[in-house]
Engineer: 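Take a look at this one; I'll ask things after.
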Amino acid sequence: MTRQLFDHVAEAYDAARPDYPGELFDTLESALGQPLLRARVLDVGAGTGIATRALAGRGADVVAVDPGPGVLSVLRSRSTSRVHPVLGDGNALPLRDGHFDLVTYAQSFHWTRPECSLPEAARVLHDRGVLALWWNFLDTDEQWYDEWSDLAGLLSGGAYDRAQADVEYAAPARESGLFQWVSTVDLPWRRSVRIDDFVTDMSSHSYVSAMAAAEQGRLFDGLRAGLRRDQGADPVEIRYRTRLVVARR
Ligand SMILES: C[S@@+](CC[C@H](N)C(=O)[O-])C[C@H]1O[C@@H](n2cnc3c(N)ncnc32)[C@H](O)[C@@H]1O
């Protein structure tokens with residue numbers, strides 16, 4: 001994978017990707033045993049800063065690491081002084097040992113090599129620090145999603161795989177032996193979004209942005225038509241599930 005995979009879709013990504021439910025940040029505070037206010041947080045694979053801003057919004061001081069200079073410049077332009085962007089890689093963090101209360105990976109851990117990124121996360125956490133990995137998944141049984149999944153799987157040559165939503169992401173952390181305990185929680189939530197914005201969101205996924213324009217056009221035409229048929233309104237309501245894996249050193 002190229003390190004700048006998301007740089008060319010940075011604006012679309014930031015404008016239209018969903019954020020994360022408030023309950024997720026409540027759960028992080030429970031796992032930490034303290035509020036995020038003034039916590040030292042390292043957000044790895046921070047991208048344009050969707051999760052970074054939510055963490056800083058709760059008062060955390062956040063170091064935001066990403067290997068993409070393009071996404072980091074969007075992050076920099078939209079962040080407060082609580083956020084410190086650093087160009088870097090989760091597999092070899094350019095940061096000192098034992099400094100952070102919390103290390104987060106929001107939809108980014110799968111881009112790293114767990115055999116490198118887990119020891120790196122454990123190294124920069126202090127004793128009893130917390131590692132949190134999470135992903136948003138579409139969670140709907142509506143027909144538009146079946147149609148999207150079939151066509152996206154076909155046009156992406158298999159790069160899109162709906163079954164990824166059920167991957168057990170906690171296993172590498174559990175098997176690493178680096179953490180005292182590892183647990184997984186699923187948080188269901190919904191968002192109301194205009195169809196155009198949802199199309200922009202879907203266009204920022206790596207398996208879509210790698211497709212030729214004509215193939216993307218086919219996908220988006222089908223998506224618009226399916227959403228209009230299934231929901232009959234604009235904005236539409238999209239159901240998500242956020243899978244959160246929490247591990248304590
Ligand atoms: C799907 S985006 C998630 C962005 C952000 N965390 C969010 O909540 O929207 C994945 C991010 O992982 C970054 N990434 C890719 N390889 C990485 C690596 N080896 N180490 C750290 N981040 C990486 C990409 O540059 C991209 O910004």
Side-chain angles (χ1 to χ4, degrees), residues 1-22 24-25 28 36 41-58 60 62-79 83-95 100 102-124 131-138 156 159-161 164-165 167 169 172 187 189 191 193 197-198 200-210 240-245:
M1 271 321 140
T2 66
R3 286 164 169 257
Q4 284 81 38
L5 197 66
F6 291 86
D7 279 356
H8 66 295
V9 290
E11 292 289 345
Y13 190 108
D14 199 62
R17 281 282 183 118
D19 52 13
Y20 305 105
L24 182 143
F25 301 99
L28 293 183
L36 281 162
V41 178
L42 170 63
D43 187 29
V44 191
T48 61
I50 295 177
T52 309
R53 288 194 293 275
L55 291 159
R58 291 213 173 196
V62 190
V63 174
V65 166
D66 201 285
V71 288
L72 269 191
S73 82
V74 174
L75 176 144
R76 192 174 286 111
S77 71
R78 295 186 188 166
S79 296
V83 174
H84 312 281
V86 174
L87 195 65
D89 186 325
N91 297 315
L93 290 167
L95 297 160
F100 293 97
L102 173 67
V103 173
T104 57
Y105 272 90
Q107 317 224 106
S108 51
F109 184 69
H110 57 289
W111 293 111
T112 69
R113 296 194 308 281
E115 67 277 19
C116 301
S117 54
L118 288 172
E120 278 295 85
R123 179 180 68 74
V124 301
L131 170 66
L133 323 172
W134 69 83
W135 291 264
N136 276 338
F137 297 112
L138 288 164
S156 69
Y160 171 79
D161 179 4
Q164 277 170 358
V167 167
Y169 287 110
L187 306 168
W189 60 287
R191 82 162 163 156
V193 58
D197 292 335
F198 189 60
T200 305
D201 166 359
M202 298 304 265
S203 73
S204 74
H205 286 260
S206 55
Y207 64 90
V208 178
S209 61
Y240 293 91
R241 179 165 48 96
T242 302
R243 174 161 295 180
L244 170 64
V245 176

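Quick caveat: nothing in here was measured; it's all calculated off a predicted structure. Just follow the structure's listing: the first ligand is 1, and inside any ligand the first atom is 1.
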Engineer: Heavy atom to atom 27 (O) of ligand 1, shortest distance: which of Thr112, Asp66, Asn91, Val71 holds it?
Structural biologist: Asp66
Engineer: Below 4.0 Å, non-hydrogen atoms only: which portion of Thr48 touches ligand 1? Side chain, backbone, both or neither.
Structural biologist: neither
Engineer: Checking contacts here: is it the side chain or the backbone of Tyr105 that comes within 4.0 Å of ligand 1, counting heavy atoms only? Could be both or neither.
Structural biologist: neither
Engineer: Check ligand 1 against Asp89 and write out every atom of the ligand that is under 4.0 Å from a heavy-atom position of the residue.
Structural biologist: 18 (C), 19 (N), 20 (N)
Engineer: Would Trp189 and Thr242 count as having a side-chain donor-acceptor pair, cut-off 3.5 Å?
Structural biologist: yes
Engineer: Please compare Gly45, Pro67, Ser204, Ala64 and report which has the shortest non-hydrogen distance to atom 4 (C) of ligand 1.
Structural biologist: Gly45
Engineer: So do the side chains of Pro67 and Leu87 get within less than 4.5 Å of each other, counting heavy atoms only?
Structural biologist: no
Engineer: With a 4.0 Å cut-off, would you call Asp43 and Arg53 a salt bridge?
Structural biologist: no
Engineer: In the structure I gave you, are the side-chain heavy atoms of Val44 and Val103 within less than 4.5 Å of one another anywhere?
Structural biologist: yes
Engineer: Say whether Arg243 and Tyr169, considering side chains only, have a donor N or O and an acceptor N or O under 3.5 Å apart.
Structural biologist: no
Engineer: Tell me whether Arg76 at atom CZ has more than 12 heavy atoms from other residues, nucleotides or ligands lying less than 6.0 Å away.
Structural biologist: yes
Engineer: Tell me yes or no: between the side chains of Arg78 and Thr48, is some donor less than 3.5 Å from an acceptor?
Structural biologist: no
Engineer: Please identify which atoms of ligand 1 are closer than 4.0 Å to at least one heavy atom of Gln107.
Structural biologist: 1 (C), 2 (S), 3 (C), 10 (C)
Engineer: Could you tell me which atoms of ligand 1, counted from 1 in the order shown, lie closer than 4.0 angstrom to a heavy atom of Trp111?
Structural biologist: 10 (C), 12 (O), 15 (C), 16 (N), 17 (C), 19 (N)
Engineer: Could you pull out, from Ser108, Gly88, Ala51, Pro18, the option with a heavy atom nearest to atom 12 (O) of ligand 1?
Structural biologist: Ser108
Engineer: Which atoms from ligand 1 have a heavy atom of Ala106 less than 4.0 Å away?
Structural biologist: 3 (C), 5 (C), 6 (N), 7 (C), 8 (O)
Engineer: Examine Tyr20 against ligand 1 and note whether any of their N/O atoms are separated by less than 3.5 Å.
Structural biologist: yes
Engineer: Select one of side chain, backbone, both or neither to describe which atoms of Ala46 lie under 4.0 Å from any atom of ligand 1, heavy atoms only.
Structural biologist: backbone
Engineer: Tell me, do Tyr20 and Gln107 make a side-chain contact under 4.5 Å, heavy atoms counted?
Structural biologist: yes
Engineer: Under 3.5 Å between any N/O of Gly68 and any N/O of ligand 1: does that happen in this structure?
Structural biologist: no
